[in-house]
Amino acid sequence: MEKLEHIGIAVKDIDKANTMFAQLLGRAHYKIEDVESEGVRTSFFELGGVKIELLEATRDDSPIAKFIEKRGEGIHHLAFQVEDIRQSIVECRQQGFQVLNEEPKKGADNKVICFLHPKSTAGVLIELCAESKG
Ligand code: ZN
């Protein structure tokens, strides 16, 4: 793992959350991006090299809709940047972490991503992310 890349926060209303976080952080979000495959709309803030990713469900069957239904709004995942995501997936599996998607998938912000099941990581959903190369 190279660094904490971002913290993902599940929100019910991304416009409201954008306004609140802009106030809190003293800066506006720099991008909004839909990830169709995941059924989410994302918004990003940058602060001292770490990002905050707000996540709003765009469909009822979105993982974010399910998360909010079960647990309400709040911290959804921590994302760590890795150099080579395929290599990291192999290593995590070897170390006994439960990898949720063996094949890296396209995330927001020009990233390829993979999730580790919170059961194997102290209840915290972990995202591995790397710059998409193409
Ligand atoms: Zn994320």
Side-chain angles (χ1 to χ4, degrees):
M1 309 280 177
E2 294 181 332
K3 65 165 193 174
L4 178 64
E5 213 278 335
H6 65 266
I7 298 169
I9 299 175
V11 300
K12 285 181 186 163
D13 181 331
I14 205 160
D15 295 327
K16 270 191 192 161
N18 272 335
T19 304
M20 185 276 283
F21 274 99
Q23 254 181 341
L24 180 69
L25 303 175
R27 68 199 65 203
H29 64 277
Y30 68 89
K31 125 169 4 180
I32 288 199
E33 187 180 340
D34 283 16
V35 183
E36 283 299 327
S37 57
E38 298 290 301
V40 295
R41 173 163 297 152
T42 66
S43 161
F44 286 89
F45 292 81
E46 203 269 328
L47 189 78
V50 179
K51 297 167 188 166
I52 305 282
E53 174 188 40
L54 304 182
L55 301 141
E56 179 195 63
T58 54
R59 296 193 302 260
D60 287 346
D61 66 344
S62 157
I64 295 301
K66 287 176 191 155
F67 177 88
I68 286 179
E69 198 179 290
K70 256 169 85 177
R71 297 168 66 171
E73 292 183 302
I75 293 182
H76 178 259
H77 64 270
L78 300 183
F80 294 102
Q81 181 175 301
V82 298
E83 175 65 32
D84 180 335
I85 196 151
R86 288 182 187 277
Q87 179 66 27
S88 294
I89 288 172
V90 170
E91 285 172 8
C92 281
R93 202 185 319 106
Q94 282 169 353
Q95 289 166 332
F97 294 105
Q98 196 179 332
V99 177
L100 283 174
N101 54 295
E102 296 287 329
E103 196 57 30
K105 51 188 182 179
K106 197 189 167 309
D109 207 25
N110 197 38
K111 296 279 197 294
V112 282
I113 63 173
C114 161
F115 287 101
L116 303 183
H117 197 288
K119 267 184 192 155
S120 60
T121 49
V124 182
L125 180 63
I126 301 291
E127 173 188 324
L128 309 180
C129 66
E131 288 298 324
S132 176
K133 289 163 189 147

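Just follow the structure's listing: the first ligand is 1, and inside any ligand the first atom is 1. These values consider heavy atoms only, across backbone and side chains, with no hydrogens, waters or symmetry-generated copies.
A salt bridge links K111 with E5: the distance from a Lys NZ or Arg NE/NH1/NH2 to an Asp or Glu carboxylate oxygen falls below 4.0 Å. Between E33 and R41 there is no salt bridge, since no side-chain nitrogen of the basic residue lies less than 4.0 Å from a carboxylate oxygen of the acidic one.
Looking at residues two or more places apart in sequence or on another chain, you find a salt bridge (Lys or Arg N to Asp or Glu O under 4.0 Å) between K105 and E38. The salt bridge (Lys or Arg N to Asp or Glu O under 4.0 Å) check on D60 picks up nothing, with sequence neighbours excluded. The side chain to side chain donor-acceptor pair (under 3.5 Å) search around R71 returns none, not counting sequence neighbours.
Between F44 and Y30, the angle of the ring planes lies from 30° to 60°, which puts this pair in the tilted group.
By the criterion of a separation under 2.8 Å, the protein N/O/S atoms near the Zn ion (ligand 1) amount to H6 NE2, E53 OE1, H77 NE2, E127 OE1.
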